[in-house]
2 protein chains.
Amino acid sequence: MMKKYKPITQKDIADALGLSISTVSRVLNNVYGIGDTTKKLVLDYAKETEYAPNPIALRLKKCRSFSIGVVVPEVASSYFSEVINGIESSAYRKGYHVIVTQTHESTRREMINIQQLVYQSIDGILVSLSSETVDISHFKALKEKGTPLVFFDRVPKDMDVTKIAVNNFQGAFEATEYLIRSGHKKIAHLTSCANLMITDERLNGYKAALSKYYVQFNANYFYCCESHGNVNFEVEKAVIHFMSLRERPEAILTVGDKVSVSCIKALNKFGFKIPHDISLVAFANITEADMFKTPLTTVSQPAFEIGKLAADKLIKQIEDKLACTEFETSILTTSFDRRSSAKLNLIR
Amino acid sequence: MMKKYKPITQKDIADALGLSISTVSRVLNNVYGIGDTTKKLVLDYAKETEYAPNPIALRLKKCRSFSIGVVVPEVASSYFSEVINGIESSAYRKGYHVIVTQTHESTRREMINIQQLVYQSIDGILVSLSSETVDISHFKALKEKGTPLVFFDRVPKDMDVTKIAVNNFQGAFEATEYLIRSGHKKIAHLTSCANLMITDERLNGYKAALSKYYVQFNANYFYCCESHGNVNFEVEKAVIHFMSLRERPEAILTVGDKVSVSCIKALNKFGFKIPHDISLVAFANITEADMFKTPLTTVSQPAFEIGKLAADKLIKQIEDKLACTEFETSILTTSFDRRSSAKLNLIR
DNA sequence: CTGTTAGCGCTTTCAG
DNA sequence: CTGAAAGCGCTAACAG
């Protein structure tokens with residue numbers, strides 16, 4: 001039989017010292033009004049026996065766990081793993097533990113994870129939506145129940161809640177403008193996650209830049225990957241589509257880590273040289289972007305900062321006594337890293 | 001005041017139906033011997049009200065949580081994030097939740113995380129040692145207490161426990177042999193994590209290949225990064241060291257994801273061309289290896305498989321009634337992906 | 001200043 | 001077949 005480790009409890013201390021459990025509890029919780037003698041006695045014995053409170057019992061009692069749940073699509077991503085580091089750095093400092101769960105872009109998994117976290121008496125939840133998710137009623141329900149909740153990056157459209165995001169419109173606008181100003185006119189936009197608001201925002205930024213320079217939006221130059229499966233395959237289809245167009249695009253603005261990487265792979269596979277045959281700018285966080293065959297020009301997000309801020313906001317919400325009724329949206333700025341994947345046809 | 005969500009309990013059901021809590025419990029747990037009428041009554045009501053058992057209460061009661069803890073150095077790593085996916089895929093299928101924690105290579109964090117996991121009534125723990133860790137008594141204590149425990153990749157040297165690893169010796173041997181057979185004689189070895197057994201094993205594989213081809217081991221060609229801090233900086237120092245040697249090495253065998261990437265960056269920074277000026281083979285899992293300026297030849301590990309296997313072994317250990325006294329070590333094989341970062345000087 | 005008691009949600013004897 | 005009661009470890013009134 002598996003012997004389970006049985007840590008020392010308050011009862012053990014009480015018995016050993018001939019005190020009552022409540023006295024022990026009070027000492028350990030440093031409650032006002034205990035005799036110095038007993039106090040010392042208990043404290044010493046506790047230290048000696050390496051007493052540590054049982055967090056499970058605490059949770060059951062207080063419905064509070066000093067831990068926060070994180071729900072992300074995927075952990076195997078430069079972006080999300082950096083965000084997680086940011087979350088941890090802040091949470092850890094404030095005495096919270098972090099429980100990370102992945103949805104793998106599935107709404108079902110998202111719901112299960114949320115459900116689980118709630119039942120684990122988690123104090124609050126940090127979410128970046130799965131791409132499959134359209135109906136966000138499970139989050140609305142959560143909010144109704146009073147669970148502190150903060151969204152980041154992939155935030156919901158119509159929900160009044162604390163959100164952390166970047167200036168997606170602006171980021172895409174700048175990238176597109178850069179492409180135009182360096183001489184490209186036929187600029188394709190390759191994206192995914194049709195359901196997500198960030199996808200729209202970026203598309204709008206792209207369109208706005210186009211229209212600022214009187215470039216007509218061409219529906220043939222827009223492709224949105226389903227991505228509920230093999231991204232590589234979808235992206236290859238997109239690349240084939242673009243590159244077999246009569247009016248082949250001169251540049252592509254890709255969105256998303258995976259899509260961007262897949263796009264480069266597909267381009268390589270079909271023998272297109274970057275930027276000779278086609279220019280590329282990626283709205284993505286790719287740590288190794290400068291090591292690629294053609295160092296990749298990117299629009300990237302301050303992932304660590306986002307995580308940190310999200311955790312800060314969440315913990316503030318958790319610790320504020322009053323039910324939170326004001327929800328702010330924080331917008332951080334993206335950074336544009338010009339490398340060499342976009343050809344400088346003619347710089348004006 | 002923050003209103004906490006109050007899920008429906010067995011008591012609620014009992015009250016509503018005029019039954020006793022124990023009857024409800026029995027129905028819900030499908031215990032032998034309940035009237036079909038009451039059974040149906042309870043079941044229907046439970047479904048209707050979306051009753052779900054409170055896992056915290058279950059943990060407190062049973063000291064069992066159906067969740068397993070994972071302790072890794074870092075989540076922002078292709079290798080570890082893939083391992084985590086493997087763990088999840090297996091755990092999830094068997095009804096376990098996965099709690100991931102990071103040590104950031106700190107022994108202190110490692111101990112805290114372990115401690116926390118244990119107190120969370122975790123059913124078992126999966127560990128890959130932090131590089132700082134030399135003393136593994138905290139793990140030995142864990143084992144004594146009967147906590148199911150499985151190590152992977154960075155496994156401890158002298159501890160009788162279940163381990164999952166790869167043939168590190170063999171992997172390094174093959175890489176070195178490949179380098180030698182493609183005409184390199186002066187082969188440097190750049191590594192980190194001096195404390196880890198895998199570091200030794202790989203070093204030994206490297207040395208063995210050298211000696212097989214009568215190449216003398218040269219201590220100047222070996223550099224082990226401290227890595228408790230800025231890896232980039234350490235690696236730059238190493239590169240400067242190697243490249244300013246009178247007898248400059250013709251190739252480097254790097255070990256580790258971060259070190260390998262940093263090495264390429266440093267080489268780029270100082271203007272050395274790969275493989276023209278120096279050849280490179282990396283013992284690392286780098287998903288974008290084939291997209292680099294010079295596609296990187298690598299020895300890589302089946303990360304997903306490792307995670308899956310580790311979780312399987314752990315869950316088996318958890319579910320086996322008897323205390324586990326036999327500990328197996330599973331050795332998976334690395335794969336060698338020949339790309340173009342090693343020059344083919346003369347192939348014999 | 002300290003002890004008694006009840007209860008968080010659940011399982012599990014022990015009675016009936 | 002079902003109910004009462006104890007207990008997992010802890011906190012928090014309520015008494016003394």
Side-chain angles (χ1 to χ4, degrees), chain A residues 3-43 45-46 49-66 115-116 118-123, chain B residues 1-43 45-46 49-66 115-116 118-123:
Chain A
K3 73 179 145 151
K4 272 285 176 186
Y5 175 50
K6 196 56 187 45
I8 185 164
T9 72
Q10 291 187 358
K11 183 171 189 315
D12 296 333
I13 301 183
D15 289 352
L17 266 38
L19 293 168
S20 81
I21 301 183
S22 37
T23 305
V24 175
S25 171
R26 273 187 280 250
V27 173
L28 263 13
N29 288 20
N30 206 18
V31 176
Y32 177 77
I34 318 102
D36 282 349
T37 342
T38 12
K39 192 164 180 173
K40 186 163 170 16
L41 199 64
V42 172
L43 250 24
Y45 189 81
T49 54
E50 290 186 316
Y51 166 81
N54 180 329
I56 306 298
L58 285 179
R59 283 197 204 197
L60 184 58
K61 186 76 208 183
K62 302 223 191 162
C63 292
R64 182 104 160 64
S65 61
F66 275 101
Q115 172 71 256
Q116 271 301 324
V118 169
Y119 274 114
Q120 303 291 341
S121 297
I122 226 80
D123 293 345
Chain B
M1 188 58 193
M2 186 104 267
K3 76 180 144 154
K4 272 285 174 188
Y5 175 50
K6 197 54 187 41
I8 184 163
T9 72
Q10 290 187 358
K11 183 170 188 316
D12 296 333
I13 301 184
D15 288 352
L17 266 39
L19 293 168
S20 80
I21 301 182
S22 34
T23 305
V24 174
S25 171
R26 272 187 280 251
V27 173
L28 263 14
N29 289 16
N30 206 19
V31 176
Y32 178 76
I34 317 101
D36 282 349
T37 342
T38 12
K39 192 164 181 173
K40 185 161 169 19
L41 199 64
V42 171
L43 250 25
Y45 190 82
T49 54
E50 290 186 315
Y51 167 81
N54 179 330
I56 306 297
L58 285 180
R59 283 198 204 195
L60 184 58
K61 187 77 207 179
K62 302 221 187 164
C63 291
R64 183 107 159 61
S65 62
F66 276 101
Q115 172 71 256
Q116 272 300 324
V118 169
Y119 273 114
Q120 303 291 341
S121 298
I122 225 80
D123 293 344

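Just so it is clear: chains get the letters A, B, ... in the order the sequence lines come, proteins before strands, and each one is counted from 1.
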(request) Would you mind building the protein contact string for nucleotides 8-16 of chain D? One character per nucleotide, 5' to 3', B for base within reach (heavy atoms under 4.0 Å), S for sugar-phosphate only, - for untouched. (result) BBBBBB---

A side-chain contact here means heavy atoms from C-beta on lying under 4.5 Å apart; do [X] and [Y] qualify?
| X | Y | result |
| --- | --- | --- |
| V24(B) | V27(B) | no |
| N30(A) | K39(A) | yes |
| Y45(A) | I8(A) | yes |

(request) Using the test ring pair (Phe, Tyr, Trp, His ring centres under 6.0 Å), find all partners of F66(B) that sit at least two apart in sequence or belong to another chain. (result) Y96(B)

Rounding to a whole Å, what distance do you find between [X]:[atom1] and [N]:[atom2]?
| X | N | atom1 | atom2 | result |
| --- | --- | --- | --- | --- |
| L17(A) | dG3(C) | CG | C1' | 15 Å |
| D15(A) | dG7(D) | CG | P | 13 Å |
| I34(B) | dG3(D) | CD1 | C1' | 14 Å |

(request) Taking only Lys NZ, Arg NE, NH1 and NH2, and the carboxylate oxygens of Asp or Glu, determine whether K40(B) and D36(B) approach each other closer than 4.0 Å. (result) no

(request) Can you sort out the partners of N29(B) under side-chain hydrogen bond (donor to acceptor under 3.5 Å, both in side chains), two or more places apart, ordered by chain and number? (result) none

(request) Output yes when at least one side-chain N/O atom of T23(B) is less than 4.0 Å from OP1 or OP2 of dT2(D), else no. (result) no

